[in-house]
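Below is one structure, written out as structure tokens, with a few remarks after it.
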Amino acid sequence: MKKRNPWIGALWTIGVVLVVGAYSAGVWQSTFFYPPPGRPDPGPVVGFLQALADTLKGPALLVGFGTIAGLLFLHARNHARRATKKPSR
Amino acid sequence: MNRIVAENFDPRFDARFQPGFEQKAETHAPRPPAPVAGARDRAAHDEAAHGTMAPEDLAPEEAEPAEVGPDPNPFERTLWVFAAVLIVGGVAVAFWANGLNYSQSAIDGGWTWPRILQSSGWALSGPMVTVGLATGVGLLFRRAMSWSPPE
């Protein structure tokens with residue numbers, strides 16, 4: 001049975017988690033932009049998480065999409081190498 | 001031991017080919033007593049020509065390198081540290097700059113040093129975190145590309 005590269009699996013996980021996590025964090029954070037009157041203060045923990053999401057969402061989206069693109073390039077390279085190794089039919 | 005023996009050998013010829021020479025059974029095989037240059041070169045040339053030269057007699061650049069662990073590249077650890085410092089530093093700089101926002105007036109003062117540093121923090125935090133994350137992912141790509149399936 002062919003062994004799969006565990007690092008490629010880890011990178012797919014990281015790429016998808018970064019993109020989905022950053023997008024979700026951005027959507028969650030946007031709910032705090034225009035609070036309705038009378039809404040209670042969210043507290044320091046939520047404030048901290050909001051600031052963290054604000055800092056991380058852009059870089060995480062960039063790196064996540066970059067990781068997925070890099071993985072597709074890596075798969076394309078591996079595919080080309082396998083194709084050149086096979087004897088021509 | 002060999003030094004004593006070597007004194008009894010004819011120095012014009014390689015001691016390994018003279019009667020009474022004994023090879024010591026050590027991990028690091030002892031060098032034969034140094035004969036005169038001409039004889040040594042001749043013996044080495046003969047052995048090389050007949051393929052009987054022992055591996056330890058080969059020059060260091062000709063011997064096969066010893067098997068070591070997975071690529072002990074010192075720059076890889078430096079890059080991991082660089083990535084961690086950029087991510088943590090970028091987040092810390094962003095928090096510091098955001099906190100500074102509430103400690104000073106936005107109207108008066110003009111371009112003061114804290115305001116300049118705050119702008120620099122906002123400008124730098126995003127690229128710092130981005131490059132830090134990209135460095136970590138790049139190191140994982142390096143692992144993925146150098147990976148080979150176990151036998």
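Chain identifiers are assigned alphabetically (A, B, ...) following the order of the sequence lines, protein sequences preceding nucleic acid strands; residue numbering begins at 1 within each chain. Scope of the values below: all heavy atoms of this structure, side chains included, with no hydrogens, waters or symmetry mates.
Of the listed residues (A/Leu62, A/Leu74, A/Leu11), the one with the most heavy-atom contacts under 4.5 Å to chain B is A/Leu11.
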- Any chance you could lay out the side chain to side chain contact (heavy atoms under 4.5 Å, CB included) test for A/Trp7 and B/Phe141, step after step, and finish with the verdict? CA-CA 7 Å; A/Trp7 296 104; B/Phe141 266 101; over 6 Å; no
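Put simply, CD1 on A/Ile14 and CG on B/Leu133 are 9.5 Å apart, with the number rounded to the nearest 0.5 Å. Taking CG of A/Asn5 as the start and CE of B/Met145 as the end, the distance is 10.5 Å to the nearest 0.5 Å. To the nearest 0.5 angstrom, A/Thr55 atom OG1 is 13.0 Å from B/Ile87 atom CD1.
For chain B, the nearby parts of A/Ile8 are the backbone and the side chain; heavy atoms of each come within less than 4.5 Å. With a 4.5 angstrom heavy-atom cutoff, A/Leu71 touches chain B via backbone and side-chain atoms both. Only the backbone of A/Arg4 comes within contact range of chain B, with heavy atoms under 4.5 Å apart. Looking at A/Ala10, there are no atoms closer than 4.5 Å to chain B (heavy atoms on both sides), in backbone or side chain.
The environment of CZ in A/Arg77 is crowded: more than 12 heavy-atom neighbours from other residues, nucleotides or ligands sit within 6.0 Å. Summarising the local packing, CZ of A/Arg39 is surrounded by more than 12 heavy atoms from other residues, nucleotides or ligands at distances under 6.0 Å.
Under a hydrophobic-cluster definition in which Ile, Leu, Val, Met, Phe, Trp and Tyr are linked whenever side-chain heavy atoms come within less than 4.5 Å, directly or via other members, A/Val63 and A/Trp12 are assigned to the same cluster. The hydrophobic clustering, which links ILVMFWY residues whose side-chain heavy atoms are closer than 4.5 Å, places B/Trp147 and A/Leu72 together. Criterion: ILVMFWY side-chain heavy atoms under 4.5 Å apart, direct or through other members. Under it, B/Trp80 and A/Leu18 are part of a common hydrophobic cluster. When hydrophobic clusters are built by joining Ile, Leu, Val, Met, Phe, Trp and Tyr residues whose side-chain heavy atoms come closer than 4.5 Å, directly or via intermediates, A/Trp28 is grouped together with A/Phe48. By the criterion of side-chain heavy atoms lying less than 4.5 angstrom apart, applied directly or through intervening Ile, Leu, Val, Met, Phe, Trp or Tyr residues, A/Leu56 is grouped together with A/Val46 in one hydrophobic cluster.
Closest approach of A/Pro59 and B/Thr130 over heavy atoms only: CB-OG1, 3.3 Å.
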